[in-house]
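Each chain gets a letter, A, B and so on, in the order its sequence line appears, and its residues count up from 1.
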Protein chains: 2
Amino acid sequence: MTPKKNDIGRRGRGRPQSFDRTQALYAAMRLFWDRGYEGTSFDDLITAMGISPSSFYNAFKSKEALYQEAIEAYAQASGAWFYDILGEPADTRTTLERLLTFAAAEFTRDDLPAGCMIAVAATQCSPSQARLRELMATQRTQYETAMANRLRLGVNLGDLPATTDIDALAAFYMSLIRGMVVQARDGAARERLLEIARIGMQAWPTKDGGSSAA
Amino acid sequence: MTPKKNDIGRRGRGRPQSFDRTQALYAAMRLFWDRGYEGTSFDDLITAMGISPSSFYNAFKSKEALYQEAIEAYAQASGAWFYDILGEPADTRTTLERLLTFAAAEFTRDDLPAGCMIAVAATQCSPSQARLRELMATQRTQYETAMANRLRLGVNLGDLPATTDIDALAAFYMSLIRGMVVQARDGAARERLLEIARIGMQAWPTKDGGSSAA
DNA sequence: TTTTTTTTGGTGTCATCGCTCCACAAATCC
DNA sequence: GGATTTGTGGAGCGATGACACCAAAAAAAA
């Protein structure tokens with residue numbers, strides 16, 4: 001709570017900002033996370049951020065620009081585990097298992113809104129928000145591509161059969177994760193998400209690429 | 001386009017409605033389906049329904065009441081396949097397989113909005129829409145409960161191991177379906193959803209309740 | 001035909017949304 | 001200290017959202 005200096009430092013002469021820009025951004029992020037873009041009003045934002053409209057406009061340009069910044073902040077703060085785990089030097093199956101387990105935990109933290117800010121955002125919105133919708137779809141595609149790349153590496157490493165349909169497998173696990181997000185937002189307990197994750201790992205491809213039926 | 005009589009018939013004396021209430025309701029349903037509740041404005045609605053504000057108010061009471069009617073219409077028209085398939089006299093695995101396959105097809109019809117009206121609706125919304133949010137969560141719970149009941153029947157029929165965690169398995173498949181909805185809304189092709197469904201069936205419990213690993 | 005009941009089109013209204021403007025305050029620079 | 005530069009609080013604004021009202025219209029009932 002100690003008022004820190006702005007992270008980008010003084011920009012020259014003139015009156016300094018009376019608020020912590022980073023802190024305000026995080027407050028906005030949490031609101032957007034919980035309520036979505038359209039569900040968060042300007043007044044909600046400036047109240048939660050503790051600043052006036054003019055300060056808002058001066059520091060963040062517009063609600064839409066703030067949302068984009070909030071997404072970036074989310075990706076770096078609360079979404080980094082995804083890429084972190086993908087980059088760990090474990091075998092591919094273990095990596096996916098850790099990813100799902102971590103997702104279950106992250107989606108049910110009691111110090112942050114439930115679920116994920118990006119996973120199901122702007123899937124239903126007014127046509128005037130088409131840009132936002134495409135932005136979120138792009139974000140989701142990027143996460144899915146990152147997973148696909150890790151799975152492809154798994155094929156190269158011999159962790160997965162050469163016949164594996166990488167893109168489909170990535171789509172499957174991302175679908176599962178997004179469904180977990182809906183569960184979390186509807187109030188599901190962490191244990192429930194962990195069970196979903198465990199069952200999801202049963203779908204992991206076998207050497208013969210076939211079913212798990214006896 | 002021929003003006004049909006209202007499906008509930010004349011209600012007595014007085015001027016008859018000049019529009020088809022059912023048709024107007026379906027037009028509203030499609031808008032809500034595509035844009036969500038908050039993303040659909042009053043003007044959008046009356047334009048798509050082809051009626052005036054007073055006719056709207058007279059016939060549907062309010063936007064929120066209309067939304068509830070739209071959900072019911074959706075459940076009966078575009079969501080019925082879910083319960084239909086659950087009620088088919090196939091073995092449990094086949095039933096789930098058909099459910100996922102049908103979902104992939106239904107979520108990518110070109111004559112209707114992509115995805116599902118309920119699966120990811122109101123997961124992020126303003127606090128003023130708390131009632132709506134709970135309504136949608138309840139709807140989702142009902143679909144999940146219906147699936148759980150069918151799975152429980154499967155245990156009783158011997159289609160599933162007695163040790164199966166029914167609720168977890170239902171949560172898993174509903175999560176997958178909801179994730180498929182996000183994929184569909186982001187523009188995924190039907191084939192992609194079918195692949196997700198196919199992979200999802202790999203997670204089907206085996207007799208030993210264990211992994212499919214060799 | 002007259003009365004009664006119901007629907008309709010058009011307009012008005014009140015609140016909210018997302019800014020925007022401006023006079024002032026608080027720093028730095030000289 | 002004065003000039004300059006930048007941020008701030010608060011008031012206001014145009015647009016949109018979701019109705020709400022009312023007089024006219026159109027049908028059945030008498």
Side-chain angles (χ1 to χ4, degrees), chain A residues 3-25 28 31-32 35-70 124-132, chain B residues 3-25 28 31-32 35-70 125-129 131-132:
Chain A
K4 300 182 300 184
K5 288 297 177 189
N6 194 327
D7 52 321
I8 57 172
R10 300 304 327 280
R11 273 204 296 271
R13 41 193 169 280
R15 180 175 174 176
Q17 269 181 339
S18 65
F19 62 95
D20 183 341
R21 193 181 188 283
T22 304
Q23 219 163 30
L25 177 59
L31 266 193
F32 281 135
R35 308 177 181 184
Y37 180 77
E38 289 185 292
T40 308
S41 77
F42 195 80
D43 284 349
D44 291 340
L45 285 169
I46 60 174
T47 300
M49 297 164 86
I51 62 179
S52 67
S54 49
S55 297
F56 177 93
Y57 184 70
N58 185 42
F60 297 102
K61 171 88 176 167
S62 71
K63 185 185 170 188
E64 189 173 347
L66 172 62
Y67 189 71
Q68 299 219 19
E69 271 201 69
Q124 286 175 318
C125 64
S126 73
S128 65
Q129 305 297 333
R131 277 186 40 205
L132 173 70
Chain B
K4 299 182 301 184
K5 289 296 176 191
N6 194 325
D7 54 318
I8 58 173
R10 300 303 328 278
R11 272 203 297 271
R13 41 195 169 284
R15 179 177 175 174
Q17 270 181 341
S18 66
F19 61 94
D20 183 342
R21 193 181 188 283
T22 304
Q23 219 163 29
L25 176 59
L31 266 193
F32 281 134
R35 308 178 181 183
Y37 180 77
E38 289 186 292
T40 308
S41 77
F42 195 79
D43 284 350
D44 291 340
L45 287 170
I46 60 174
T47 300
M49 298 164 86
I51 61 178
S52 68
S54 48
S55 298
F56 177 93
Y57 183 67
N58 186 41
F60 298 103
K61 170 89 176 166
S62 71
K63 185 185 168 186
E64 189 173 349
L66 173 62
Y67 189 72
Q68 298 218 21
E69 271 202 68
C125 64
S126 72
S128 64
Q129 305 297 335
R131 277 185 41 206
L132 174 70

For nucleotides 23-25 of chain D, give me every protein contact, N/O to N/O, under 3.5 Å, one pair per line with atom names.
from: D/dA25; atom 1: N3; to: B/R15; atom 2: NH1; distance (Å): 3.3

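- One interatomic measurement links the two molecules: CG of B/L45 to P of D/dC19, which rounds to 10 Å at whole-angstrom precision.
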Residue pair A/F19, A/M49: steps toward the side chain to side chain contact (heavy atoms under 4.5 Å, CB included) verdict: CA-CA 9 Å; A/F19 62 95; A/M49 297 164 86; over 6 Å; no

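- Using a 4.0 Å cut-off between a side-chain N of Lys or Arg and a carboxylate O of Asp or Glu, A/E38 and A/K63 do not qualify as a salt bridge.
- Using a 4.5 Å heavy-atom threshold, the side chains of A/E64 and A/L132 count as separate.
- The shortest heavy-atom contact between B/S126 and B/S128 is OG-OG, 2.8 Å.
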Would you list the atom pairs, donor with acceptor, under 3.5 Å between side chains in residues 54-61 of chain B and any protein atom, with sequence neighbours excluded?
from: B/S54; atom 1: OG; to: B/S52; atom 2: OG; distance (Å): 3.2
from: B/S55; atom 1: OG; to: B/S52; atom 2: OG; distance (Å): 3.1

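- Across all strands shown, D/dC19 forms a Watson-Crick or G-U wobble pair, both distances under 3.5 Å, with C/dG12.
- One atom, CD of A/Q129, and another, P of D/dT16, lie 13 Å apart when rounded to the nearest Å.
- The distance between atom CG of B/N58 and atom P of C/dG9, rounded to the nearest whole Å, is 11 Å.
- Following rounding to the nearest Å, A/F60 (CZ) and C/dC19 (P) show an atom-to-atom distance of 14 Å.
- Between D/dT8 and A/S55, a contact under 4.0 Å exists linking OP1 or OP2 to a side-chain N or O.
- Nucleotide C/dT28 holds its P atom 15 Å from the CD atom of A/Q17, rounded to whole Å.
- Taking the six-membered ring where the residue is Trp, A/F32 and A/Y67 present perpendicular rings, their angle passing 60° and hence far from 30°.
- One distance of note links CD1 of B/I51 with CG of B/L45; it measures 8.5 Å at 0.5 Å rounding.
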Atom pairs under 3.5 Å, N or O on each side, protein against nucleotides 14-18 of chain C: can you list them with distances?
from: C/dG18; atom 1: OP1; to: A/K63; atom 2: NZ; distance (Å): 2.5
from: C/dG18; atom 1: OP2; to: A/F42; atom 2: N; distance (Å): 2.5

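- The separation between A/I51 atom CD1 and D/dG10 atom P is 14 Å, rounded to whole Å.
- You'll find that the side chain of B/S54 is closest to C/dG10, out of C/dG10, C/dT20, D/dG10.
- Nucleotide C/dA26 holds its C1' atom 15 Å from the CZ atom of A/F19, rounded to whole Å.
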Evaluate side chain to side chain contact (heavy atoms under 4.5 Å, CB included) for A/D20 paired with A/L25, printing each intermediate quantity in order. CA-CA 9 Å; A/D20 183 341; A/L25 177 59; over 6 Å; no

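- Residue B/S18 places at least one side-chain N or O under 4.0 Å from the OP1 or OP2 atom of C/dT8.
- Nearest heavy-atom pair across B/R35 and A/P127 is CZ-CG, 3.4 Å.
- Note: CZ (A/R21) to P (D/dT8) measures 12 Å, nearest angstrom.
- Applying the 4.0 Å criterion to OP1 and OP2 of C/dT20, one finds that A/Y57 has a side-chain N or O inside that range.
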